[in-house]
Amino acid sequence: MRLEALIADREGRHQDAADKLAACLEVARTLGMRPLQAHALLDRGLCRAAAGDAGGRDDVEAARRIFADCDMANWAEKCAATAQTLAQQ
């Protein structure tokens, strides 16, 4: 599901990708897969930002919080830098 979304995003189908990532996020939440939730939020945030949706930054920030809670500092730092870049756009 996430891979399909990433392919859609690469093809410029940002809304389709965001929809697929929302579905992936729901499955990850249901199964309690927090790292997958964070990755889906990060990817969805980037898709939303590419489509011009300023709310993408909120997804990236939510991903950062989950990564931090999971002690995945490297990913949390990447999210923080991405959120900062998005805020400047």
Engineer: So how far is it from R64 CZ to E61 CD, rounded to the nearest 0.5 Å?
Structural biologist: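 Atom-to-atom, R64:CZ and E61:CD are 4.0 Å apart.
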
Engineer: For the CZ atom of R65 and the SG atom of C70, what is their distance to the nearest 0.5 Å?
Structural biologist: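 So the gap between those two atoms works out to 13.0 Å.
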
Engineer: Drop me the distance from L25's CG to M1's CE, to the nearest 0.5 angstrom.
Structural biologist: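 Separation between the atoms: 10.5 Å.
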
Engineer: Can you tell me how far CZ of R34 sits from CZ of R29, rounded to the nearest 0.5 angstrom?
Structural biologist: 9.5 Å

Engineer: Which residue in the set L41, L42, L46, D43 passes side chain to side chain contact (heavy atoms under 4.5 Å, CB included) when paired with D59?
Structural biologist: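 Exactly one candidate clears the test, L41.
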
Engineer: In Å and rounded to the nearest 0.5 Å, what is the CZ to NE2 distance from R44 to H39?
Structural biologist: 15.5 Å

Engineer: Taking CE in M72 as the centre, count heavy atoms belonging to other residues, nucleotides or ligands within less than 6.0 Å. Is the count above 12?
Structural biologist: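 Yes - once you tally the heavy atoms of other residues, nucleotides and ligands closer than 6.0 Å, there are more than 12.
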
Engineer: May I ask you to test the E77-F67 pair for a side-chain heavy-atom distance under 4.5 Å?
Structural biologist: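 Result no, sub-4.5 Å side-chain heavy-atom pair not found.
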
Engineer: Enumerate, atom names and distances included, each donor-acceptor pair closer than 3.5 Å involving a side-chain atom of residues 7-18, sequence neighbours excluded.
Structural biologist:
{"unit_1": "D9", "atom_1": "OD1", "unit_2": "H14", "atom_2": "ND1", "d": "2.6"}
{"unit_1": "E11", "atom_1": "OE1", "unit_2": "R13", "atom_2": "NE", "d": "3.1"}
{"unit_1": "E11", "atom_1": "OE1", "unit_2": "R13", "atom_2": "NH2", "d": "2.6"}
{"unit_1": "R13", "atom_1": "NH1", "unit_2": "D16", "atom_2": "OD2", "d": "2.4"}
{"unit_1": "Q15", "atom_1": "NE2", "unit_2": "D19", "atom_2": "OD1", "d": "2.9"}

Engineer: Show every donor-acceptor pair shorter than 3.5 Å between a side-chain atom in residues 81-89 and any protein atom, with sequence neighbours excluded, or say none if there are none.
Structural biologist:
{"unit_1": "T82", "atom_1": "OG1", "unit_2": "K78", "atom_2": "O", "d": "2.8"}
{"unit_1": "T85", "atom_1": "OG1", "unit_2": "A81", "atom_2": "O", "d": "3.0"}

Engineer: Out of curiosity, E26 CD to L21 CG, how far, rounded to the nearest 0.5 Å?
Structural biologist: 13.0 Å

